[in-house]
Amino acid sequence: MKQKIAKVAVPGPFLFPLDYLLPEVCVDAQAGMRVWVPFRNKKIVGLLMDVGEQSDYDDSKTKSVLEVIDDEAILTADSLKLLQWASHYYHEPIGEVVQAALPKRLRAGEAAQIEGVTYWQLSELGQQKSLDDIAKNALRQRELFSALQVHGKLNENQLNHRLQNWRAAAKTLAQKNWLESYPGPCLLESDYAAKPEHTLNEQQQAAVDAVVQSQIDNPSKQAGNMALVAQNYAPRFSAFLLQGITGSGKTEVYLGMIDAMVKLGKQVLVLVPEIGLTPQMIQRFEAYLQTRVAALHSGLNESERHCAWHMVRTNQVKVLLGTRSAVFAPFADLGLCIIDEEHDLSYKQQDGFRYSARDLMIQRARQQNIPVVLGSATPSLESLYNAKMQRYQHLYLTQRAAQGAKLPQLKLLDIRGESIQEGVSQSLKLTMQKHLAAGNQVLLFLNRRGFSPVLMCHECGWQASCPSCDANMTYHQTDALNDLGYLQCHHCDEQIVKPSLCPSCQSEEFVKVGQGTERLQETIESWFSDKRVLRIDRDTTRLKGSISELTEQAKSGQADILIGTQMLAKGHDFPNVTLVGLVDIDQGLFSADYRAAERMAQLVLQVAGRAGRGAKAGEVLIQTHHPDHPLLTSLVQHGYDRFAVKALAEREQACLPPYQYQVLFRAEAHNPDDAMHFLYSLKAGLENTAQQLDRGDDVEFWGPVSAPMLKRQGRFRFQLMLQATNRGALHRMLNVMQPHILKSPLARKVRWSIDVDPQEMY
DNA sequence: CCGATAAGTAGG
DNA sequence: CTACTTATCGGA
C-alpha cells in the first residue's frame, strides 16, 4: 500500500503546507494535530493541515513525519479551513498564519492537556485567625491572607495577577496549617453575581429576535419560546449590522442573543477591541448568562491563554470574549459570532500578518453557516455600504436605554479670530465654568499627549526633530517650576533630555509650540485652581491597573475636570459628565489619508457619547477653525448617518474603497534606493503579469511613492498601491507574482510586506 | 593556498 | 526565516 502524504504547515516563507510521508505507525493522524517533522537538520513542530494520497512534490527527497504530538486535533476542521483561507486571502505564508493562531505553548510542542491549576483557600484553622495574628513586617503574608479572606479561594493565575511573591508567603502559611491548596479547573472558579433583572426595550428585543429568528425554520412562531426555537433550529449564515447610538444598550442586545444561543447548547464568540475587555465586562456577562465566560486577550499569561483555548475546544465553556486573535479559537460547536465596535482599528493587525479579525470573523461565519453580528454606534463606511447592498441586515437602536438619558447636543465652536488662551477659547472656558458651578463634571478631549508637539528655538527657529524619523519630538514636562523635561519621539520612542542650549545657535530661550494634554492640564489647573483635574492618557496610565484606578476616581467624583486622549473616549461611563469639549479636531479634516474624516467622525461621536449618560442632559462643544467644512457640518447638524452618506458619495466619486479594492505593498530599507527599486521592479513584474493574464481586468497602480512619513526608525519607506473594481483580478495577479517576489535579489535587502485591504497609510 | 567573510539559495 | 553552500577577498 502506498504511504499517505502529510501536508504540514511549518514556519518559513511557504505559502502552502509542505509534504511529508506519513509512516505506518502514524495512521491515526488527523488534520489539526501537531507533528514533529525533520526540517533541514533539526526537528520542528508543524501543524498537520491535511492527509492526502499523493504528493505533488514527487521526489525521493520527501522526508517522513517523525512523531504525532497530539492524540486529538487541537484545531477543529473549521479553524483549519479559516487558516487556509486567511493564508490565501492575505497572501501570507501558512506557517505565519498558524503562528498567529496558536498559543505559544502549543507552538513549542507542549502537551495540549491542562493539568489542574492549584487553588488556595484558608483552612479551618486559618479562618479562625485574623490579620493581627500575622507579624506586621510579613507584608506578603498579610496581603495573601487578606486577599483570601475577601475572595474565599483564588487560583495561581489570579494570585499572580493580584500579588507579587506570594508563593513564599503561601508556603509559610501552609506550614502553619492556615492555608490549604487543592487542584481545580484552569478557568477561575468562583460564584456568579446574581442575575440582574433586565427587560429589553422594544428595539432591543426586535434586534435579538431578528438574529434568533434567522436561525429557525418557521420564523412566524414566537422567538422567545426556546422550546419551539430548539425544535426548528436550522443554522445558516446571515450577517447583521447592529447600529446603536452610544448608551442604547448594545451589550444587553448581545447578551440577549448569546443567552438564546447558549440555551440551545451552542457556543458564542464575542470579539472586542484591545482596551475594551475588562474584568468587569466578564463579570457582567457571567452574571447575566449564569455561565462561565472565558477571556482571551493580551493581558493573559501563557497558561491562562492555553486554558481558555482548551476550554473552548472541549466545549467546557460556551462563551469566549476575546480580542483580535480570538477569531482563530477552535470552537467545538460555534453558533454565533459578535463583533463589538466593529469599526475599531485594533481589529486590524498592523505588522507581520496583517489580517482583519472582523473580516475573518465574517468569513468564518460564512464557512460555518452561522450568524454574525457587527455592532457599533458609528459603523465603518465599509459595513454601511454592505448594509446598503443588502449583504447585511441593518438593525437600529435609536434610544438611550437608561431612563431619562438623552443624547447630547453637538455644537461647533467657531474659534476663528476668537481669543484663544493655550488652545482653549473664551466660550469653552465660560461654558466650563457654568457646568462646574452646577456641580457637574467636565471632560476635555485632546488627542495629543505630552506638553507640546514642537520645541523651537526662540532665536533661530531650530526645532527638535527625531534623528531616526521625519517627525518633531514631543516635549514632555517633568518639572514646571524649573522648566525641566525631556523630548520623546512618538514614532520610535527615542527619548533625550531637553537641551539647555539651542544646538544650532546656543541660545537659551525655547518656545513650546502647540498643545498637548500636559499643557492643557497646566492651563486648566491655573484657571480652576479650586477644582480637581485628572489627566488620563498613555503617560498617566503606564502602570498596570492604573487605567481602572483613574477611571474609578473619575466616576466616583474625585475629580471635576477630566483631560484625556482617545483612551478616555472608549467605553467608560462617567455619569456626572455633562460637558464634553473637543479642543482640537482640525487635523482630521485635511489629512492625506482619505479615511481621516471617517475616523474623525467616529471619534467625535464616541467622545460626545461620554456626555449626559446619567439623568442630566449633556452638551458637547467642538472647537474648529473650519466650521463650514461640509463633512463636519453634516455630522454635527444631521448626525452620523447623513455624514456617512456624504462620505460614501465622496468615496464613490474618487473611486476609493469600499467601491474599489486595494492592496498595498510597503517597502523600507536603510538605503532609500533599494526600497524604491524593489517596488519599481515589483510594479514592472505585476504589469507584465497583468498582460499575461489578459482577462481585461484592469488593475490600477499608484506609485511607488514615499510613505507619508518617509523616514521612520532610521528606515526609508515607500509604498505601491494596487487598486481594482474586481477583487479576483488583484488576487490572481498576486498569486502569479508572489513566487517571483521571493526570488528577487532586492527582496532580501528590503523589508517588505503585502497589506490586503489596508486601513492606514502612515 | 588557506581561512574568513559576504552573498546566494533551498527548505518537503 | 535560517542554516547551509558557494563565491570572493586579502593575508601569508
Side-chain angles (χ1 to χ4, degrees), chain A residues 2-27 29-70 80 83-84 86-88 90-104 106-109 325 349-355 665-671 673-675 677-678 681-682 685 713 715 734-735 737-756:
Chain A
K2 205 160 173 268
Q3 251 185 328
K4 299 224 173 179
I5 300 296
K7 309 272 179 184
V8 182
V10 296
F14 314 105
L15 291 170
F16 299 98
L18 301 185
D19 287 355
Y20 286 88
L21 294 169
L22 199 60
E24 283 299 314
V25 288
C26 300
V27 282
Q30 290 171 20
M33 294 178 181
R34 292 166 302 158
V35 289
W36 285 109
V37 290
F39 186 78
R40 286 282 168 136
N41 54 9
K42 48 180 208 213
K43 107 185 197 186
I44 59 171
V45 177
L47 184 68
L48 186 55
M49 301 297 289
D50 197 10
V51 180
E53 295 300 326
Q54 57 183 358
S55 172
D56 313 322
Y57 176 79
D58 201 34
D59 201 290
S60 55
K61 280 186 277 183
T62 310
K63 295 179 183 171
S64 284
V65 169
L66 299 171
E67 194 189 340
V68 180
I69 298 174
D70 302 301
L80 287 176
L83 295 182
Q84 227 136 20
S87 167
H88 288 143
Y90 289 106
H91 299 270
E92 185 72 16
I94 184 70
E96 304 294 315
V97 177
V98 168
Q99 176 141 8
L102 287 186
K104 253 210 207 79
L106 294 178
R107 258 186 278 147
S325 66
Q349 178 135 313
Q350 291 292 8
D351 48 17
F353 172 28
R354 296 170 178 263
Y355 66 97
F665 278 93
R666 300 166 199 272
E668 53 179 60
H670 288 106
N671 176 1
D673 291 342
D674 288 343
H677 286 150
F678 170 75
S681 68
L682 189 62
Q713 298 191 39
R715 289 194 184 81
L734 291 176
N735 285 334
M737 258 309 277
Q738 207 164 3
H740 297 291
I741 302 172
L742 292 162
K743 290 201 178 89
S744 150
L746 273 172
R748 256 168 282 113
K749 289 182 82 173
V750 172
R751 271 197 193 186
W752 64 278
S753 65
I754 301 179
D755 193 347
V756 177

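Because the structure is predicted, anything quoted here is derived from the model rather than measured. Chain naming here is simple, since letters A, B, ... match the order of the sequence lines and numbering starts at 1 in each. Side-chain atoms are counted along with the backbone in the values below, which use heavy atoms only and exclude waters and symmetry mates.
Between B:dG12, B:dT9, C:dA3, one nucleotide has an atom nearer to the side chain of A:Arg748 than all others, and that is B:dT9.
Using a 4.0 Å heavy-atom criterion, one finds that A:Pro13 contacts the bases of the nucleic acid, with or without backbone contacts as well. Residue A:Tyr20 is classed as a sugar-phosphate contact, given heavy-atom separations below 4.0 Å to backbone atoms only.
Here the side chains of A:Leu682 and A:Trp752 are not in contact, with every heavy-atom distance at 4.5 Å or above. Taking 4.5 Å as the limit, every side-chain heavy atom of A:Lys749 sits out of range of all side-chain heavy atoms of A:His677.
Rounded to whole angstrom, the span from the CZ atom of A:Arg107 across to the C1' atom of C:dC1 amounts to 14 Å. As a whole-Å value, the separation of A:Phe39 CZ from B:dG12 C1' is 8 Å. In this structure, the CG atom of A:Leu15 is 16 Å from the P atom of B:dA10, given to the nearest Å. Rounded to whole angstrom, the span from the CD1 atom of A:Ile94 across to the P atom of B:dG11 amounts to 20 Å. Between A:Asp674 atom CG and B:dA7 atom P there is a gap of 12 Å when expressed in whole angstrom units. Regarding A:Phe14, its CZ atom lies at a distance of 12 Å from the P atom of C:dC1, rounded to whole Å. Rounded to whole angstrom, the span from the NZ atom of A:Lys43 across to the P atom of B:dG11 amounts to 22 Å. Rounded to an integer number of Å, the gap from CG of A:Leu48 to C1' of B:dG12 is 14 Å.
Panel note: side chain A:Asp70, backbone A:Arg34; a donor-acceptor pair is recorded below 3.5 Å. Under a 3.5 Å cut-off, the side chain of A:Lys63 and the backbone N or O of A:Arg40 do form a donor-acceptor pair.
Comparing the P positions of B:dG12 and C:dT6 gives a spacing of 16 Å, expressed to the nearest Å.
Checking the phosphate oxygens (OP1, OP2) of B:dG11, a side-chain nitrogen or oxygen of A:Lys61 falls inside 4.0 Å.
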